Student: 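Sharing a structure, written as structure tokens. Questions coming.
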There are 2 protein chains.
Amino acid sequence: MNGELNTLADTDASTEAVRIERPTLHNVVVTRIRDMIIEGRIPVGARIHEGQLCQQLGISRTPLREALKVLASEGLVDLVPSRGAMVRKLTRKDARDMLDVLSHLEAMAGPLTCQNATDEEIREVRSLHDQMLEFYKTRERLPYFKLNQQIHTLLISLAGNESLCLVHDILQTRMKRIRFIGDQKEESLLAAVRDHEEMMEALEARDGERLSAAMVNHLRGTWERIKNAI
Amino acid sequence: MNGELNTLADTDASTEAVRIERPTLHNVVVTRIRDMIIEGRIPVGARIHEGQLCQQLGISRTPLREALKVLASEGLVDLVPSRGAMVRKLTRKDARDMLDVLSHLEAMAGPLTCQNATDEEIREVRSLHDQMLEFYKTRERLPYFKLNQQIHTLLISLAGNESLCLVHDILQTRMKRIRFIGDQKEESLLAAVRDHEEMMEALEARDGERLSAAMVNHLRGTWERIKNAI
DNA sequence: CTCCTGAATTCTGCATTCAGAATTTTACAT
DNA sequence: ATGTAAAATTCTGAATGCAGAATTCAGGAG
């Protein structure tokens with residue numbers, strides 16, 4: 001029926017001998033819908049019709065509804081009893097508040113990451129960073145954006161604190177849609193890339209305070225970039 | 001069949017004319033199971049049998065499964081594909097990490113709460129605090145514990161940052177079970193109560209830094225109280 | 001007695017179905 | 001023509017059913 005669904009079905013065609021991770025349908029659906037929301041393919045405030053969406057995804061309502069519950073607990077959608085789900089609308093204050101919390105979390109992570117990351121891991125970050133720069137130069141928006149997010153996530157996870165990672169990820173995910181829409185202007189992109197350069201250098205120098213400062217500064221910049229787009 | 005279930009059905013027997021909040025079954029179930037886990041009525045690491053539990057609650061598997069997905073995304077249970085759910089076992093490091101993050105979050109909240117809370121709201125905290133002291137004196141463990149948690153939640157929410165509230169709540173909920181089991185010894189309880197006194201005074205003096213310090217110190221104490229109970 | 005193999009049972013994952021709430025449409029009165 | 005009421009439709013919430021994976025248990029070989 002819809003070719004798009006294939007990506008749901010053939011989870012791991014490359015299965016050879018090792019196969020520990022076997023994604024369940026609802027997990028895939030969570031990720032899928034999350035992406036749709038982030039990339040704006042489901043408009044903000046729009047009511048999500050279960051029947052329509054599950055037909056679109058080629059699944060039944062059961063796993064879809066499970067996914068919506070999860071997304072609701074992540075704060076991406078609002079779930080009104082008997083009236084279904086809608087993409088959550090973020091106010092300016094919501095965004096501002098999230099960035100404040102993210103600042104504190106990233107400030108916490110800076111020294112930890114510089115202390116705990118191995119040289120090998122730092123090289124990985126550098127590698128992602130360089131790839132990102134490439135996409136920046138060629139103006140490939142989506143890959144650039146995804147690598148950008150990946151770097152942030154990695155920087156936090158290198159701190160070695162799983163809970164920090166978790167809560168950071170929740171807030172970061174909520175911000176993604178706004179960021180994706182906000183980072184449009186040329187000078188904004190340039191400023192963001194410069195911030196990343198500074199973060200990268202701080203990490204390679206293993207200067208925790210400097211990394212913290214750079215990340216906090218980057219988030220301040222993020223606010224400037226998005227505040228008028230909400 | 002089971003009298004306990006009634007609390008699921010008659011959600012609001014006192015319904016008169018206003019009835020905006022109508023809890024859905026799965027929401028009630030989330031809360032219910034969460035409490036069961038926190039209070040240790042489902043042992044840690046125990047596999048949760050869907051059929052058994054939903055019979056126990058008198059509901060079908062559908063809302064139960066939805067609830068489990070939500071609890072999994074909160075990190076209270078682990079969900080292994082085809083193998084069901086089990087209560088997540090926290091390691092010492094998990095607990096330590098959570099407390100570290102909570103420290104940063106509460107340190108962030110201190111000044112904000114002192115700045116944003118109204119006099120009325122501060123009086124409310126005081127009221128809860130005094131009630132809690134009563135339960136401490138009469139050794140009523142569960143009410144004491146619940147008020148204690150409520151005070152922490154309120155202190156954070158008075159900061160006026162919804163995201164801060166959210167992530168704090170997620171981590172706090174995860175810790176609840178450990179805390180509930182850990183806070184057993186007499187001198188531990190006394191120390192915790194003293195910490196709360198200090199927090200209370202700092203808040204009433206609207207001294208943000210002092211409140212932050214008191215809360216961070218309290219969490220340090222929490223670690224001492226629980227670290228041997230894991 | 002222990003270990004391996006495979007049948008039987010149990011349990012999960014997803015689809016389908018049913019009941020009730022919300023929304024839309026339609027008919028009627030003013 | 002407009003506003004209201006009621007019927008019809010649509011949609012959500014929850015239960016049930018079914019297929020396949022995982023666990024358990026029985027039996028036989030070493």
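Keep in mind that this is a model prediction, so the values were computed, not measured. Basis for what follows: all heavy atoms, side chains included, without hydrogens, waters or symmetry-related copies.
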Student: Enumerate the ring-ring contact (aromatic ring centres under 6.0 Å, His included) contacts for residues 149-168 of chain B, please, sequence neighbours excluded, ordered by first and then second residue.
Tutor: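 Sorted result for residues 149-168 of chain B: B/His152-B/His196, B/His152-B/His218.
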Student: Output all residues satisfying salt bridge (charged side-chain N to carboxylate O under 4.0 Å, His left out) with B/Arg123, sequence neighbours left out; order by chain, then residue number.
Tutor: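 Listed in chain order: B/Glu120.
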Student: I'd like to check the salt bridge (charged side-chain N to carboxylate O under 4.0 Å, His left out) partners of B/Lys89; sequence neighbours left out, ordered by chain and number.
Tutor: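 Residues passing salt bridge (charged side-chain N to carboxylate O under 4.0 Å, His left out) with B/Lys89: none at all.
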Student: Between B/Ser82 and D/dA21, is there a side-chain N or O to OP1/OP2 distance below 4.0 Å?
Tutor: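 The answer is no; no side-chain N or O of B/Ser82 sits under 4.0 Å from OP1 or OP2.
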Student: Between A/Glu74 and A/Arg34, does any side-chain N to carboxylate O distance fall below 4.0 Å?
Tutor: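 Yes.
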Student: Please list, by residue number, the residues of residues 61-71 of chain A whose heavy atoms come closer than 4.0 Å to an atom of DNA chain D; answer none if no residue qualifies.
Tutor: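 Contacting residues: A/Arg61, A/Arg65.
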Student: Hydrogens and angles aside, do B/Gln172 and B/Thr153 bring a side-chain donor and acceptor to less than 3.5 Å of each other?
Tutor: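 On atom types as modelled, these side chains qualify, holding a pair under 3.5 Å.
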Student: Specify the separation, in whole Å, of atom CE of B/Met86 and atom C1' of C/dT12.
Tutor: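 Answer to the nearest Å: 12 Å.
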Student: Can you check the A/Leu79 CG to D/dC11 P distance for me, whole Å?
Tutor: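 It is 17 Å, rounded to the nearest whole Å.
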Student: From CD of B/Gln55 over to C1' of D/dA14, roughly how many Å is that when rounded to an integer?
Tutor: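 The answer, rounded to whole Å, is 17 Å.
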Student: Using the salt bridge (charged side-chain N to carboxylate O under 4.0 Å, His left out) criterion, which residues pair with A/Asp100? Sequence neighbours excluded.
Tutor: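 Salt bridge (charged side-chain N to carboxylate O under 4.0 Å, His left out) check on A/Asp100 returns A/Arg96.
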Student: Does the side chain of A/His26 get closer than 4.0 angstrom to OP1 or OP2 of C/dG13 through an N or O atom?
Tutor: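 Indeed not, no polar side-chain atom of A/His26 lies that close.
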Student: So which atom in B/Asp94 and which in B/Arg88 form the shortest heavy-atom distance, rounded to 0.1 Å?
Tutor: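 Between these two residues, the closest heavy atoms are OD2-NH2, 4.3 Å.
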Student: Distances under 3.5 Å only, N/O to N/O: pair up the protein atoms with those of nucleotides 7-11 of chain C.
Tutor:
{"unit_1": "C/dC11", "atom_1": "OP1", "unit_2": "B/His49", "atom_2": "ND1", "d": "3.1"}

Student: Using the six-membered ring of A/Phe135, assess whether NZ or CZ of A/Arg141 lies under 6.0 Å from its centre and within 45 degrees of the ring axis.
Tutor: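 The answer is no, since A/Arg141 fails at least one limit relative to A/Phe135.
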